[in-house]
Amino acid sequence: MVSDTDVDADFIKLARDRKVIIIPTLVVNERYYRTFGASLNLLPAELRFANPAVVGTLTDIRHLSPDLLPARIKQAMSEPERNERAIQLVLSIVKRNLKALFESGVTVAAGTDAGNIGTLHGPSIFREFVLMTEAGLTPMQILACATANGARVFGPNANTGEIAAGKLADLVILRANPLEAIGNTANIQTVIKGGDVYDADTLIEQTPEEVVQRQVNAFNAHNVEVYLSTYAPEAKFSREPDQIRETGPAAIRQSLEKEFAASPSLHLQVVKRTVTGNTVVDHVAMIRATNPRKPEESVLTYEVSGGLIRSLHSVTK
């Protein structure tokens, strides 16, 4: 999508006459700015479904020495309000352009150009849908962009993009109506691939390390719901030297919400990780804005099985 100026009538006519298919990838510019400005706004679906190791790298910029950072990145991190104004300026242009092209009859297909910094393979499409909604497209129009119009990118004989005889039986069944809220596209119950039916929750088998990293990512995003979703209902928490033991993830919800509210920039850095079977041991540094040069060091020991954390034991150094 053109992101530096509003498209004019000649551009629109040329795109329509040449039967150009526009894939706007609205999410890309935003995520560059937010990654480099340390202000990522990942959706719960992105935290849940994206490769957790990749998500973890997006906060590495916080751990670099200032003398290793280019001037523009240091500026983005030190001037968050200016960085946010730059984000909103670009978003306002690309959303206006998307609306103008769509209403003028130019074919639009949904896509993300995943692999750009901060644009995650797979679930970044859900952020793209949000931005397309903000541009003025309806949920039904967005679904058409993601299915029938997406198939048109591959030519007139594409065997995907609609449910019909002779087409590939590749589709998803959702738990909630996407026409009521486009975010419901992330609430996937069933995946049908080539006529075979799969439970969406069982498609990706996570290793213990991936489960723990997903939990770390949710903590750094201050997303309590995704954080707790990585724990078994009967999970046990203990901490030394306090000798505090809490049973069940619900017991820590209130303390997490209170801590995140009190420390908006609270961040957990994994300094060293050891994985042995179902046991993951993280040496971590808890970094607070009030004292960034003196992080709180701890050793966290996780026991993981069945894709969930069963226990967490914390020892503060």
Side-chain angles (χ1 to χ4, degrees), residues 34 38-50 52-53 55-63 80 123 183 186 201 206-275 278-317:
R34 292 203 184 282
S39 61
L40 266 176
N41 60 334
L42 297 179
L43 298 176
E46 295 177 286
L47 293 169
R48 290 179 186 272
F49 302 137
V55 175
T57 67
L58 298 179
T59 61
D60 283 350
I61 193 171
R62 293 172 176 262
H63 312 144
D201 294 333
Q206 299 177 12
T207 66
E209 182 176 7
E210 289 172 333
V211 174
V212 169
Q213 185 59 48
R214 196 177 303 281
Q215 174 247 197
V216 171
N217 296 338
F219 183 94
N220 286 335
H222 294 193
N223 191 305
V224 177
E225 296 302 324
V226 177
Y227 178 91
L228 292 178
S229 73
T230 63
Y231 285 86
E234 71 281 4
K236 292 180 172 58
F237 302 81
S238 57
R239 185 169 74 238
E240 296 180 31
D242 311 63
Q243 298 301 327
I244 293 176
R245 180 170 291 278
E246 300 169 313
T247 302
I252 66 168
R253 178 188 296 274
Q254 186 174 359
S255 61
L256 276 177
E257 291 176 344
K258 182 178 179 181
E259 189 152 33
F260 290 156
S263 303
S265 62
L266 185 66
H267 181 78
L268 188 69
Q269 178 186 4
V270 179
V271 179
K272 180 182 178 181
R273 172 172 288 165
T274 304
V275 182
N278 289 334
T279 302
V280 179
V281 180
D282 280 354
H283 294 249
V284 303
M286 187 80 73
I287 304 170
R288 301 176 186 272
T290 53
N291 197 355
R293 296 184 180 277
K294 192 176 181 181
E296 302 168 14
E297 297 183 17
S298 301
V299 178
L300 308 179
T301 302
Y302 303 88
E303 293 296 332
V304 186
S305 64
L308 293 171
I309 299 170
R310 305 292 170 172
S311 69
L312 167 59
H313 182 70
S314 171
V315 179
T316 302
K317 292 184 178 181

Ion pair R288/E259, N-O distance below 4.0 Å:
yes

Here the gap from Q213 atom CD to T57 atom OG1, rounded to the nearest 0.5 Å, amounts to 9.0 Å

d(I287 CD1, E297 CD) to nearest 0.5 Å is 10.0 Å

- Query: So, H313 and E303: side-chain donor and acceptor under 3.5 Å apart, yes or no?
  - Reply: no

Value for OH (Y302) from CZ (R310), rounded to nearest 0.5 Å, stands at 16.0 Å

Here the salt bridge (charged side-chain N to carboxylate O under 4.0 Å, His left out) pairs for residues 210-229, sequence neighbours left out, are E225-R253

Between N278 and S305, the two heavy atoms sitting closest are ND2-CB, 4.4 Å

In this structure, CD1 of I252 is separated from CD of E257 (nearest 0.5 Å) by 10.5 Å

ask   = Does N217 reach the main-chain N or O of P52 with its side chain, forming a donor-acceptor pair under 3.5 Å?
value = yes

Smallest heavy-atom separation, G56 atom then D60 atom, equals O-OD1, 3.7 Å

| query | Any side-chain heavy atom of L266 within less than 4.5 Å of one from H222? | reply | yes

Taken to the nearest 0.5 Å, the spacing of H63 NE2 from H267 NE2 works out to 3.0 Å

| request: Report yes if some heavy atom in the side chain of S229 is under 4.5 Å from a heavy atom in the side chain of R48; otherwise report no. | output: yes

The single option from V212, T274, I309, T207 that satisfies side chain to side chain contact (heavy atoms under 4.5 Å, CB included) with V280 is V212

When V315, L268, V284 are each screened for side chain to side chain contact (heavy atoms under 4.5 Å, CB included) with S298, the one that passes is V284

Residues at least two apart in sequence or cross-chain that pass ring pair (Phe, Tyr, Trp, His ring centres under 6.0 Å) with Y227, listed by chain then number, are Y231

Hits for ring pair (Phe, Tyr, Trp, His ring centres under 6.0 Å) against H283, two or more places apart or cross-chain, chain-then-number order -> none

Mark yes or no for whether N223, through its side chain, and A218, through its backbone, hold a donor-acceptor pair below 3.5 Å. no

Value for NZ (K272) from CG (D282), rounded to nearest 0.5 Å, stands at 11.5 Å

Heavy-atom closest pair (V55 atom, A50 atom, distance to 0.1 Å) is CG2-CB, 3.7 Å

